[in-house]
Amino acid sequence: MTDHETRPAARRPGGRTARVRAQVLDAVRAELAERGYDHLTVEGVAARAGVHRTTVHRRWQGIGGLLADVLDAAGEDDWAAPDTGSLHGDLTALNQEIQDALTVRPSLMEALVAASFRSAAAARAQRRLWEDRYARCADVVERAVRRGELPPDTDARRLVVAATAPVYHELLLLRSDPDPDLPARAAAGAVAAARGGVFARPRGAADAGEPDPSAARSARPCGGLAPGPASR
């Protein structure tokens, strides 16, 4: 990845500046989803947003900065992990959100994943977004522990990764057709493994400095796994 762009300044403007940012980021999402990374240009984004290209260059420096800000903006939402009353229900609903985001056409989520392999700035921003999403999804596991569905030492991140990975594997890697049963089937496998202690944190992990899911979640207001729901 060889883009020259730096991360946009971490400011949250109001008024006209906020409106321009919203217009530009909406234009990036539309251009990326419709045309792909190879055809994403500052000039095209500016024209679609109805702003001058120097405005885009001045604030975002280039394509990498634009993509990074789109991903960072997704982390500013109030998305919360599904709360259906059961662990299997929550993970199934989460997987359904991911499947929907990957199969809608055009798929912004798919385009952003692809762009992260081409832009260093987008890759860094995507990692920040995923860290946020996994932290918010710790709620699913914490509720399950309180309901007595899981052992208290269950590692939330490992469980959520295992539950959602089959969806990404089938749709992003294998390019399979959507399977209406996949979200529930993937969730069921992860739930069974978790109940068997597969995702138990190693004894003494907290003392050794391993991150605690609830602590990670508190680092940012709880509020989605998948960039899809937040970014569409």
Side-chain angles (χ1 to χ4, degrees), residues 1-81 97-137 168 171-172 175 219-232:
M1 292 176 288
T2 59
D3 56 48
H4 312 291
E5 307 86 349
T6 57
R7 183 183 177 184
R11 60 182 183 272
R12 296 294 174 261
R16 180 180 180 279
T17 303
R19 289 194 298 274
V20 169
R21 181 188 185 221
Q23 291 170 214
V24 169
L25 297 190
D26 281 346
V28 175
R29 297 181 188 105
E31 289 283 300
L32 182 63
E34 293 175 11
R35 299 168 58 81
Y37 179 86
D38 287 333
H39 300 287
L40 184 65
T41 65
V42 168
E43 290 75 16
V45 167
R48 190 159 193 153
V51 301
H52 199 279
R53 64 180 183 179
T54 57
T55 299
V56 178
H57 276 295
R58 183 170 57 250
R59 175 161 183 185
W60 288 276
Q61 289 84 53
I63 295 302
L66 287 166
L67 291 170
D69 204 17
V70 165
L71 287 157
D72 286 338
E76 298 165 15
D77 64 7
D78 59 357
W79 184 95
E97 288 189 12
I98 297 169
Q99 180 159 281
D100 290 346
L102 286 171
T103 55
V104 67
R105 290 292 177 262
S107 172
L108 175 62
M109 180 180 179
E110 187 178 82
L112 284 168
V113 170
S116 71
F117 286 93
R118 308 286 297 279
S119 163
R124 290 189 295 268
Q126 181 157 265
R127 184 173 183 84
R128 290 192 296 271
L129 178 61
W130 282 111
E131 292 293 341
D132 170 69
R133 293 309 194 229
Y134 284 125
R136 297 191 200 193
C137 283
Y168 290 110
L171 297 176
L172 280 180
R175 316 296 293 183
R220 186 160 193 161
C222 183
L225 187 64
S231 303
R232 286 200 302 269

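Heads up: numbering here begins at 1 and tracks the sequence. Any value given below was found using the heavy atoms of this structure, including those in side chains, with hydrogens, waters and symmetry copies removed.
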Margin query: If I take atom OH from residue Y134 and atom CG from residue L129, how far apart are they, to the nearest 0.5 angstrom?
Written below: 10.5 Å

Next item on the list: Identify the two heavy atoms, one from G64 and one from S119, that lie closest to each other, and give their separation to 0.1 Å.
Entry: CA-OG, 3.5 Å

Next item on the list: With E34 as reference, evaluate R48, H39, R105 under the side chain to side chain donor-acceptor pair (under 3.5 Å) test and give the passing residue.
Entry: R48

Notebook entry, point to check: Out of curiosity, L112 CG to R29 CZ, how far, rounded to the nearest 0.5 Å?
Noted result: 9.0 Å

Item checked: Interatomic spacing from OG1 in T103 to CD1 in I98 - rounded to 0.5 Å -> 11.5 Å

Notebook entry, point to check: Would R35 and L40 count as a side chain to side chain contact (heavy atoms under 4.5 Å, CB included) if you check the C-alpha gap in whole Å, the side-chain angles of each, and the deciding distance to 0.1 Å?
Noted result: CA-CA 7 Å; R35 299 168 58 81; L40 184 65; over 6 Å; no

Margin query: Apply side chain to side chain contact (heavy atoms under 4.5 Å, CB included) to residues V42 and W60 and explain how you reach the verdict.
Written below: CA-CA 9 Å; V42 168; W60 288 276; over 6 Å; no

Notebook entry, point to check: Could you state the interatomic distance from NE2 (H52) to CD (E43), rounded to the nearest 0.5 Å?
Noted result: 10.0 Å

Check: Given L32 and L67, is the side chain to side chain contact (heavy atoms under 4.5 Å, CB included) satisfied, shown in steps?
Finding: CA-CA 9 Å; L32 182 63; L67 291 170; 3.8 Å; yes

Notebook entry, point to check: Looking at D132 and R136, does any basic side-chain N land under 4.0 Å from a carboxylate oxygen?
Noted result: yes

Check: What closest approach, in Å, do L172 and E110 show between heavy atoms, and which atom pair accounts for it?
Finding: CD2-CG, 4.0 Å

Checklist line | Gap between atom CG of L71 and atom CG of L66 - 0.5 Å precision | finding: 11.5 Å

Notebook entry, point to check: Which heavy-atom pair separates A121 from G65 by the least distance, and what is that distance?
Noted result: CB-N, 4.5 Å

Next item on the list: Kindly compute the distance separating CG (D78) from CD (E76), expressed to the nearest 0.5 Å.
Entry: 11.5 Å

Check: How about R118 and I63: do any of their side-chain heavy atoms sit closer than 4.5 Å?
Finding: no

Notebook entry, point to check: Looking at V51 and V24, what are the two nearest heavy atoms and their distance?
Noted result: CG2-CG2, 4.0 Å

Item checked: Residue pair S116 / A122: nearest heavy atoms and the distance that separates them -> CA-CB, 4.1 Å

Next item on the list: For residues A101 and V104, report the shortest heavy-atom separation together with the two atoms involved.
Entry: O-CG1, 3.6 Å

Checklist line | Intermediate values then yes/no, side chain to side chain contact (heavy atoms under 4.5 Å, CB included), T17 and R59 | finding: CA-CA 10 Å; T17 303; R59 175 161 183 185; 3.6 Å; yes

